[in-house]
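This structure is a prediction, so every number in the text was calculated from the model and none was measured.
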Amino acid sequence: MAALLRSARLLKCSPALLLQVTGNTRHAPAAGRLYSGAVGTPHVGLCVRQTVPRRLNVNRYNAQRGLVKDEPSVAVRSKQAQQFDWALAKLDSSVRRTGRVTKTLLLHIFHDICRTGYPSGNQALLMLRSCGSLLPEVPLVERIELSQRIWDKLQELGATYDVSHYNALLKTYLQNEFRFSPTDFLAKMEAANVQPNRVTYQRLIAAYCEVGDIEGASTILGFMKSKDLPITEAVFNSLATGHARARDMDSAEGILSVMKGAGIEPGPDTYLSLLNVYAEKGDFAKMKQTLEMVENADIHLMDRDLMQVVFSLTKAGHQQYVPEIVERMHHERGYVPDAMNLCLSLITHGHEETAFSVLKSFTGLLVQSQTSDSPDLGNFFLRHCVNMDKSVENIVRFCKDLKDSGLHSSPLQFTLQCSLEAKKTGMAVELMRRMKEEGVPLRPHYFWPLFTHYQKEKNISGTLQALRAMQELGVASDMDTFSIYILPSFPSVDSARTSLKVIVLDMCVFLLFYVTVLKHFGLITWVDNCRRQSPLHLLLQITELLCKDPRFNSTEPETSENVAYFLYNLIDSMNETEVHSKEEQLREYFGLLKNMNISISLNIFRGIRNILESYQVPELVKLSCVSQIASCFCQGLEGKLSFLEKTLAELKAEGKTASSTLKKVITVLCAEEVKRALELKILYEADMTPAAYAMLINLCCRHDNAEEALKLKMELARKDSEVALDAQKYVALVRVLSKHGKLEEAIDMLKEMKEKDVQLRDGTISLLTLTMNTAAMKGDANSIRRLQEAIFTLGLAKPSSNLCSPLITCYLESGNYAGAFDATVEVHKQYNQMPKIHDLICGLVEKGDAELLQNVVEFLSQERGEMMMLYDLYFAFLQTGRYKEARKIIETPGLRARPTRLQWFAEKCIAAQQMEPLENMVDMTVKLFECDRDDMYHCLLRLCKETNDWQKAEATWMKMQEENLAPRERTLRLLADILKNNDKEVPCFVCFSFVFSFNSLVAASPPKEPTVDDYRLKVLSLCKKGKAQEAYDMLKEAGSTGMVLGPAPYDTLIKALLAKGNIEDAMAVKNIATDHVPEFSLSDNANSLLIVSQVKRCQMKDALGTLKGMLQADQVPSQLAITRLVQGLASEGNTQDIQEVEALVKTLGSIKLSSMLFVNNAALAHIKNEDIDSAVELLQSFYIQNTDNQKSSISFVFRKVLDANNDAALDKLSAMVERLCNHFASYRAATDLFLMYLDTGRTEEAKFLLQRCAAVNEQKDAMFTYMLRAAQQPGQAAKIKALSELIPDFTEKENIYSHLVKCCGLDKDFSSAKALYERMQAEGVKADELTLKRLALLYKEAGEPVPFEEPPESFSFYADKLKKQRSESMEPADC
């Protein structure tokens, strides 16, 4: 057909002759017109009438489509069907409501299809059909690009295209006015082995007619005639357009008579085609005549049809006729959304003036439905004008017209909002300028979206541009604008100062001083050389500016709101530790504020006071209360206080009890000052209750008055020695007493807490830590030691890292690292804690004290193990920027990943926003054994999100791809969030959205031959189901037709066959693959399976050859493959090849092999060769030469020897274990033999071995491990009993009985369990809750009453409880 069209220019035939159709049937049934020429789409002669409300027509092809493709599995097919339903409903809902689909929704569905990886033909068809007139807000070029992108991507993912897909693509081309070659299109279909149908030919005719090529259309008509394909009304409509485009209006008008002659009655679409033709020519007289013909013929043109005419008129430049066409509209149901879509299409094509006239024609219908006092009609129009970058002059004019007409209450403000959302700075500034001219007030927050956008992009010039615009428009910048939206755009304070001085002079200089102070005062170490002035001096300068400079304070100088906010932000920016370390400077600053007679609002004062109280800084709270900062607060309390004091005096005069009123007075005074409260206490001492004393004690502690607090406590004790304060007040007393040197009294308070059984909670324990941290800042190590000793000795709290850390902090703060190390050793020895070790090592690395660092390393290696020491050193090198040294540490042979340690350092970097050390850690751990790479990259992306660094996130994604890493969903979702937040394109395989679902959009086309994709997916599906032989038959069937499936199906099938042990067929598939794909080679997994299969067949030489081939090809064999190969060589007695495999494997550092694999199997190989002496010598030297091997087991050797009943070998091995045990103090081999005797039922031999090797009795860890392992399987109770009889004290009786009960549960042995329980009762052994739960289940299953109260919770609850108790008994090392 394509060749025929290429020669069409040689033919001269009349379309009228080709259109002689017999019969009187119209081949254009009424159907939904969702995908066939919506409003605002160029008329292509293929409109199908809409006689029902708009909806997706999903049944049109139900009788045409056959096999789309064989999905990978039934589950995938089911999921796709569900997905399709959802997406179809979503699109259908959008079309029903608005008559259009948004590009965002379409891309959402597209990305989700890509993510699933198995797109169906139905899904592809749905996507293609949505890329035309349903996107009126998208320019034509973008629609075409989108459709082509969808076509290519879904085809790449395996979607099978048939004729319906090509027809949908054709329709998209026509609706988007895309000029293409029909001959090339047909050639493309032929190359894909897809046969065109009637719809294809109709749309190709329309394509020719769009450019006025009647010859090409005539050629296709002739072909349709020869095929006996029906010529429908749509063909005639296209020909009318084609003749008009060819400037042959007579032939275009003659189409009506040709149709009647062919027995087809012209319908509304035909007349619509003629109207569009006349509209393009601007022949309004003919349009009127045609409209009259329509009325006389009793044919109804819908509003959507007339809107198509409006679009054609406007596009051809004949807008003057639009009003008359608009007047002819009937305002049918659905008129408003259709008119809105027409407006959107007109704006997209550059005809916003006409669009506005159409808008005004239907807004009257909407005014009636408005229920708000603030109308907002025309929002969609204004938003699209902004998105399409229409001129500000036109947009302002539209806004003025809308407001004057009462259709919109604030159109300019809404348009400004749209421009800000679209990040169109120039338009936004110009709109604000127009708003100012009209007297609309401008606010600083109008600029915030611009600053946010520039901040994300690190666009300093954009920030400065927006700042200039603010100045030009006279918008004053407030504190939030500068601190939140402007300053973070700059990399540093210095660069901000340099850039902003030019723009805003004093204001920015002031604000930058403010930020400088916050940086130095609240976030970094207190520095006295900030701009050669102390931070305190800067604080006073800023305060004076805020109070006295009229630019910042137009009210009374003493009540400046800016000062209030400055103070609150200053305090709020500091954490608890910083407040404590800077307490003296803050106290001095507050004192100066008091002298300046400054007061602030009540709410802000309360906020400052609450922060200070939560930080436990009584001196600062006192200063903030008694100074005039809180004058308004104090004035508010004065009236209430006077009333209470008057009541109190009256009660005393009458001789009545005044305890309740006195307590209220003291409560009020606690918010002000301590002096008056103490005076009242003296006046009304007889009425003082313990509660009142407690409040006064707490008040004195808050105000740092140690003398009065202690005096009040002694008075309270004299009045009632049994009264106990709450834990918080006791700790407050300890804090204030220890701070003022009254250490003995503070310790007495701790002792009293123990005597009166005052329990400490987490909050009060943290206060104790703060108390000792205060002493640490003063360098008072002795006080810290005394307090720690008292707390832990009295049992008030268990030793923890937090409680032990102040002692080390004391030395670190003063730079005394030797003292810090000694303190660490001391704390570890006394309390088994090792706090601040990371800070200590970092300090030593930075200082360069190699000798002391070596001592620390040796200590850590001894106490925590070499691996933990290496990690401590590694993190310190990372923290201090010594990346070369850190890399050497992490590449230590044998080092494996410790997820908790790696996560700890990653969290530390994220909290401190330290990108460089975290990024280096991720890079360095790429080859770390058992390192979870997804976890590493997830942490790095979390930091990218924290710092909003999308470039780094993008680079991270590239690294992940280079590693060929398959990230988890959470990682991909995080990456997508970062890119989306920065308005960057998210790749479809990364993009995450809600799961859209799909059902069948179109039905099946006629059955066709299976394609390559069909065979490929079928083979993969069968392999996944374990049907390797069926998959092999399917592969041979595909090969008989000459199809090549690609490397993946071949490799998958080879692995499936090898898993079944079928080497011959697997190799046959390999040969087929090599013939079709010359570069094909077996994957790592396939080669590993081949080795296992060859070993099973005793083909050791072949298996060894396969291993060597893998290593030469830089492939990594699996652990199972190497293990089976070595065991196979041992079974043949081949010691030489075992040594060769060991040498080969040593070059691979990433395989997790048993440390005893080669030793055990080499020994077995010697035994196989009857060279028992060599085996004994090998094993004996292994244990003697290296004491680190004492934990390595040779149970495997003993098991093989016992199973083979090789008495000769067993005798010599028994003698060996005796020598090791008695002469070399090496007990592991004897323990292994003892446990193997037990495991194989040789109890007498085990008993005899115990007599000869008594030290085996002491190997309790190995015995306990054996018991744990045995209790996991049924039928092992006898072994545990035998072990407990031979070595009764290897663990507590409770453990033995609980595991025996577990074995009874696995064996369903109620009688034994019952006897066990009775024995436990007789021996007084207390069963844990999990054991009781298991016993209760056995009793109930046996139908007997449970003789004890059954624990109410689930098995998992008690199992978790036991695990928690065990973990608490083993204190974790500090990180």
Side-chain angles (χ1 to χ4, degrees), residues 65-84 87 110 112-128 150-166 191-194 966 988-989 995 997-1060 1065-1066 1069-1070 1072-1073 1076-1077 1080 1083 1085-1086:
R65 297 197 42 153
L67 177 66
V68 176
K69 74 174 183 178
D70 187 8
E71 301 293 351
S73 67
V74 175
V76 172
R77 285 198 299 272
S78 174
K79 184 178 181 181
Q80 286 180 336
Q82 295 170 359
Q83 289 175 334
F84 192 77
F110 173 55
D112 196 73
I113 292 173
C114 293
R115 183 177 64 82
T116 59
Y118 293 105
S120 69
N122 296 337
Q123 295 168 343
L125 196 59
L126 177 66
M127 300 302 298
L128 291 170
I150 290 173
W151 178 276
D152 294 340
K153 185 62 183 179
L154 296 187
Q155 191 173 42
E156 176 189 329
L157 291 175
T160 303
Y161 292 153
D162 59 17
V163 66
S164 61
H165 296 88
Y166 285 92
N193 197 25
V194 176
C988 65
F989 42 83
V995 177
S997 311
F998 293 84
N999 192 359
S1000 126
L1001 170 65
V1002 294
S1005 58
K1008 60 175 184 175
E1009 292 295 323
T1011 64
V1012 173
D1013 287 335
D1014 295 330
Y1015 279 113
R1016 177 173 62 83
L1017 293 171
K1018 189 67 177 176
V1019 168
L1020 292 172
S1021 177
L1022 289 170
C1023 290
K1024 188 175 181 180
K1025 295 174 183 176
K1027 300 177 180 179
Q1029 198 58 46
E1030 293 181 32
Y1032 183 39
D1033 295 338
M1034 183 67 65
L1035 177 69
K1036 290 191 286 187
E1037 181 184 329
S1040 65
T1041 62
M1043 293 185 181
V1044 180
L1045 302 189
Y1050 293 134
D1051 188 72
T1052 303
L1053 179 54
I1054 289 170
K1055 288 187 289 186
L1057 290 168
L1058 289 173
K1060 300 287 185 181
D1065 288 346
V1069 175
K1070 180 186 177 184
I1072 294 172
H1076 291 310
V1077 187
F1080 176 82
S1083 65
N1085 288 339

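- Within the model, atoms CG of Asp152 and CG of Leu157 stand 11.0 Å from one another, a figure rounded to the nearest 0.5 Å.
- Annotation: the span from Leu1057 atom CG to Lys1070 atom NZ amounts to 14.0 Å, rounded to 0.5 Å.
- Not counting sequence neighbours, Asn1085 has no partner by the side chain to side chain donor-acceptor pair (under 3.5 Å) test.
- Within the model, atoms CG of Asp1065 and CG of Leu1058 stand 10.0 Å from one another, a figure rounded to the nearest 0.5 Å.
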Hey, can you pull the donor-acceptor pairs under 3.5 Å for the side chains in residues 1027-1034, sequence neighbours left out?
none

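- Ala1086 meets the side-chain contact (heavy atoms from CB on, under 4.5 Å) test with Asp1051, Ile1054, Lys1055, Leu1082, Ser1083; sequence neighbours excluded.
- No more than 12 heavy atoms of other residues, nucleotides or ligands shown are found within 6.0 angstrom of NZ on Lys1060.
- Considering every non-hydrogen atom in both Gln155 and Tyr161, the closest pair reads N-OH, 3.3 Å.
- Minimum heavy-atom separation, Leu125 to Ser164: CD1-O, 3.4 Å.
- Scanning all heavy atoms of the two residues, the minimum distance from Val194 to Asp162 falls at CG1-C, 3.8 Å.
- Taking both residues in full, the closest heavy atoms of Val1069 and Tyr1050 are given as CG1-O, 3.9 Å, listed atom of the first, atom of the second, then distance.
- Partners of Ala1038 by side-chain contact (heavy atoms from CB on, under 4.5 Å), not counting sequence neighbours, listed by chain and number: Tyr1015, Met1043, Leu1045.
- The two residues Trp151 and His165 come nearest to each other via the heavy atoms CZ3-O, 3.6 Å.
- Between Ile150 and Leu128, the shortest heavy-atom distance links the atoms CG2-CD2, 4.4 Å.
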